[in-house]
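In what follows, a structure is listed as structure tokens, so that the remarks can point back to it.
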Amino acid sequence: MDSYVVMRVGSERYAAHVAQVRSVERVGDITPVPRTLPFIKGVMHLRGAIVPVIDLAERVGLTRAADGDEEDRRIVVAEVDEMAVGMLVDAVEDVVSIAPEAIEPPPSVVGGLEAVYLRGVARWGEHLLVLLNLERVFSAVETEQLRQVEKLVHG
Amino acid sequence: MQEAYLEAFLTESMENVERLEAFCLTLEREGAKPGLLDEMFRAAHTLKGMSATMGFDKLAALTHRAEDLLGALRDARVSLESRHVDALLSAVDRMRSRLRAVAASSKEPDEPDDDVLDMLMDALRAGEQAGGHGEPDRVPFVNLSEWARQAAAEGKELYLVHLRLVEDCIMPGVRLAMAYQAMREAATWFGAHPDEAQVMAGQAEGPEAFAAVAVAPGEIERLRQAVLDITDMAACDVSKADLPSVTSSHDTATAKTRPALEAPQRAHGGSGPSEAMVDLRMDATLRVPIRKVDALMNTLSDLVITKTRIATLVQALGDAELKETVERLDRLVGEMQDGWLQLRMVPVETIFHRYPRMMRDLERRLQREFDFVMTGLETEMDRVVLEEMGEVIVHLLRNAADHGLEPPDERERLGKPKRGTIRLSAYTAGGHVYLEVSDDGRGIDRHRVLETAVAKGWVTLEEGAALPDESVYALLFRPGFSTAERVSDISGRGVGLDAVRDKVEALGGQIRLDSSPGAGSTFTIELPLTLAILSALLVSVRGQVFAIPTANVDEVRKITRDDVRHVQERPVLSDDEGIVPVVDLASRLALGPRSDSYPQTAILCREGKRRLALIVDHVLDELEIVNKPLGRYLEDVREFAGATVLGDGRVSLILDVRAMANPA
């Protein structure tokens with residue numbers, strides 16, 4: 001059984017493996033970094049280090065549903081390949097155990113999310129839990145940047 | 001359990017490999033000195049013992065073979081040749097790559113080391129033949145140490161038996177089979193080469209054979225006699241194979257020298273016990289992973305911020321005793337910060353130590369002859385800056401060997417010493433660290449540089465002739481310049497001096513070139529002592545606070561609409577030094593439209609030779625800030641060199657003035 005942190009973004013539930021989650025923080029001051037991609041919200045100060053913060057919904061291509069309590073919003077700081085990144089989410093709901101055999105391969109698109117960002121899906125009560133592939137969510141920023149530029153150029 | 005020791009094993013072994021490499025170079029330069037070979041033997045021995053303990057058998061086998069060669073050299077059984085050093089250096093390279101693989105995966109890679117093992121063995125054998133020993137084929141058994149262990153467990157000793165039949169033996173197969181039989185009866189059999197089946201089937205060729213057997217202590221001579229009693233048996237040499245980590249001296253009067261097996265036991269008299277002592281030697285330094293130091297710094301800077309908050313609160317309370325306590329806290333935190341800065345400083349030797357080997361290889365590949373001299377190895381500088389400089393120095397050293405120095409025959413023709421000198425020095429002066437690479441080669445040919453510059457249309461012939469040397473040399477640092485007659489794989493890697501200059505300037509340093517024709521060239525790099533703390537101007541632009549390193553700031557000026565002129569529709573200021581492009585930070589950073597109301601606040605900045613005026617809303621403060629990296633996730637961000645945490649806990653981005661000069 002592996003443990004996962006369940007994060008809510010809009011009406012979707014995402015899960016990150018606990019081994020990759022460093023901490024869950026309340027949302028504090030975030031300093032915007034000009035001329036970066038829209039989903040990069042900026043940088044924050046976390047126990048002496050500078051940590052970039054991304055909006056998870058925007059990163060994975062969801063349009064954020066304007067709901068939820070500001071008080072519930074959290075930054076989930078995850079670390080992949082010695083790279084720490086904070087993910088802004090609407091709420092952190094639970095830590096759950098999921099058996100590897102309960103994880104199904106990702107369908108090509110789940111809730112507007114491209115399969116490359118997924119490790120798989122699993123049931124959690126009445127919800128479908130989307131297990132994030134953080135290596136992918138945090139990488140390919142460059143590719144993403146290129147795609148954005150292309151959009152600008154070609155419309 | 002092994003993981004707990006792995007890190008210690010890796011650091012210590014890597015150190016021993018580095019030492020071996022340095023010793024190899026000394027050996028090559030200064031010849032076989034007894035003390036030196038002792039040291040080398042010990043380093044190899046320690047390495048072997050540790051890798052065997054950790055279960056890295058291939059590494060242990062490799063070091064064992066290197067140790068054999070070193071033992072033979074030390075005991076003067078073979079005399080030193082260049083091929084010995086080559087073989088040892090190949091072994092060093094392989095050991096290093098093996099250790100790296102272990103560091104990466106905690107496992108030993110499976111690939112065989114036969115090529116290097118053969119090189120070592122060939123080097124040893126060649127030396128011995130030259131020395132008149134005429135050693136036969138190499139020992140064909142790979143698991144001798146394992147067998148030795150098994151034999152020891154039974155209270156026996158493992159021996160390697162070398163059989164030789166008379167030249168004209170009619171039935172060698174039968175004779176060898178008889179010898180094998182005799183040994184089986186008198187001893188515990190481990191194996192033979194050629195093996196028993198081959199011998200019995202009459203497939204044994206040649207008059208020689210090896211066998212590995214174990215006998216009770218003192219029994220070996222009886223076995224030897226039994227074998228020698230067999231018809232046509234010309235010789236039977238025995239040599240004891242001990243456990244690799246055991247060092248004992250014993251009488252081997254009857255055994256012929258067998259370096260492949262015996263080097264540790266042949267350690268003459270005094271060196272036995274001292275080997276064990278060397279392994280326990282403690283260093284007065286403490287090795288700490290960098291991440292731990294960085295983590296400590298993060299906590300420390302958090303402490304600084306908390307302290308600032310307390311100070312603000314205390315100010316409001318007005319309690320004198322409390323205030324005094326906070327002041328004391330302030331001092332202590334300051335001292336801790338200084339102490340931490342010291343931790344970031346490392347001696348340049350940590351990077352420099354790999355250069356002698358590189359220069360030796362270059363010397364051969366380029367067919368140059370030179371001495372490579374390093375000075376100021378103890379000079380300390382910021383670890384990050386030093387690491388960044390590693391490649392730059394490699395480039396300059398290659399450049400010196402490839403383009404700076406003349407070939408030996410040309411040097412002779414010119415009446416210069418045949419051997420050139422390439423010098424790498426480090427020293428500190430006035431808050432800066434200096435790194436110098438110099439050669440006594442041909443120097444910069446002013447005419448050739450100008451020829452290229454004219455050909456590229458950078459200067460006219462007349463302009464060029466009027467340029468002072470300094471300006472001519474500066475042309476070498478322009479992108480796209482290369483005077484090398486051919487693109488070699490040594491220095492022509494597509495990186496030119498412009499890349500070197502970029503790197504140095506990105507670290508807040510400068511590079512200068514001095515040269516005199518026929519006498520050589522010197523590259524001098526000036527770098528800040530540390531990157532961790534810098535003095536900065538805090539400015540605000542549309543409500544966001546940014547830091548600009550004061551190293552880049554010439555002055556702050558109020559400018560009016562009349563001060564701004566336009567050159568090709570771009571706004572510029574002008575002063576007695578020339579024109580300065582104006583960059584409106586708000587629009588450059590996409591924080592809002594450029595301001596059109598005057599007067600404006602302009603920060604006149606300098607980056608290398610380039611100048612620019614940054615328009616900001618307000619200048620807030622000037623203070624010392626701790627430079628923190630933005631991290632890997634944002635490493636592609638060009639506009640900012642890092643970030644710092646201000647006293648109120650907010651993060652402020654540090655502007656990269658260099659990037660501001662380029663359009664977004």
Side-chain angles (χ1 to χ4, degrees), chain A residues 20 22-23 25-56 58-59 75-88 132 134-149 152-153, chain B residues 290-291 293-306 337 340 541-547 585-592 625-656 659-660 662-664:
Chain A
Q20 294 183 321
R22 220 212 258 167
S23 64
E25 307 290 332
R26 287 185 176 276
V27 182
D29 271 332
I30 298 175
T31 301
V33 180
R35 295 219 164 262
T36 45
L37 296 166
F39 65 79
I40 298 177
K41 294 293 121 183
V43 289
M44 66 169 181
H45 168 223
L46 180 62
R47 288 181 282 278
I50 302 293
V51 177
V53 180
I54 63 173
D55 186 309
L56 184 58
E58 289 180 49
R59 173 65 184 108
I75 292 171
V76 177
V77 180
E79 190 171 328
V80 171
D81 299 335
E82 292 177 20
M83 179 162 69
V85 178
M87 296 179 285
L88 196 56
L132 289 172
L134 289 182
E135 281 88 350
R136 297 303 288 263
V137 174
F138 293 170
S139 79
V141 171
E142 216 172 327
T143 332
E144 200 62 38
Q145 223 140 15
L146 284 175
R147 214 182 296 170
Q148 300 254 344
V149 171
L152 271 177
V153 176
Chain B
I290 284 152
R291 64 184 154 75
V293 177
D294 288 344
L296 186 64
M297 180 53 194
N298 286 342
T299 317
L300 180 58
S301 58
D302 222 7
L303 181 68
V304 172
I305 290 154
T306 313
Q337 214 160 358
W340 172 79
V541 181
R542 302 295 187 274
Q544 189 167 344
V545 178
F546 296 96
L585 270 189
S587 75
R588 175 65 180 74
L589 297 176
L591 295 171
I625 59 169
V626 178
N627 183 358
K628 290 172 179 297
L630 288 176
R632 262 186 61 205
Y633 191 73
L634 296 175
E635 66 188 0
D636 292 331
V637 172
R638 295 273 159 265
E639 282 80 6
F640 307 103
T644 192
V645 184
L646 301 176
D648 59 3
R650 281 184 309 157
V651 176
S652 170
L653 297 163
I654 301 169
L655 272 184
D656 189 330
M660 291 301 114
N662 301 322

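Excluded from the calculations below are hydrogen atoms, water molecules and symmetry mates; all remaining heavy atoms, backbone and side chain alike, are included. Per chain, numbering begins at 1; letters A, B, ... match sequence-line order.
Closest non-hydrogen pair, B:L591 versus A:P34, comes out as CD2-CG, 4.1 Å. Heavy-atom minimum distance, A:R47 versus B:N298: O-CB, 3.3 Å. In terms of heavy atoms, B:S587 sits closest to A:R35 at O-NH2, 3.7 Å. The two residues B:V651 and A:M44 have their closest heavy-atom pair at CG2-C, 3.8 Å. Of all heavy-atom pairs between B:Y633 and A:R59, the closest is OH-NE, 4.4 Å. Taking each heavy atom of A:I50 and B:P629 in turn, the nearest pair found is CB-O, 3.8 Å.
Within a 6.0 Å sphere centred on CZ of B:R632, other residues, nucleotides and ligands contribute more than 12 heavy atoms.
With B:F640 as the fixed residue, the side-chain contact (heavy atoms from CB on, under 4.5 Å) test singles out one of A:V43, A:V33, A:T36: A:V33.
With a 4.5 Å cut-off on non-hydrogen atoms, A:I54 touches chain B through its side chain but not through its backbone.
For the options B:T644, B:L630, B:D302, B:L634, heavy-atom pairs under 4.5 Å to chain A are most numerous at B:D302.
For B:Q337, there are no side chain to side chain donor-acceptor pair (under 3.5 Å) partners two or more places apart in sequence or in a different chain.
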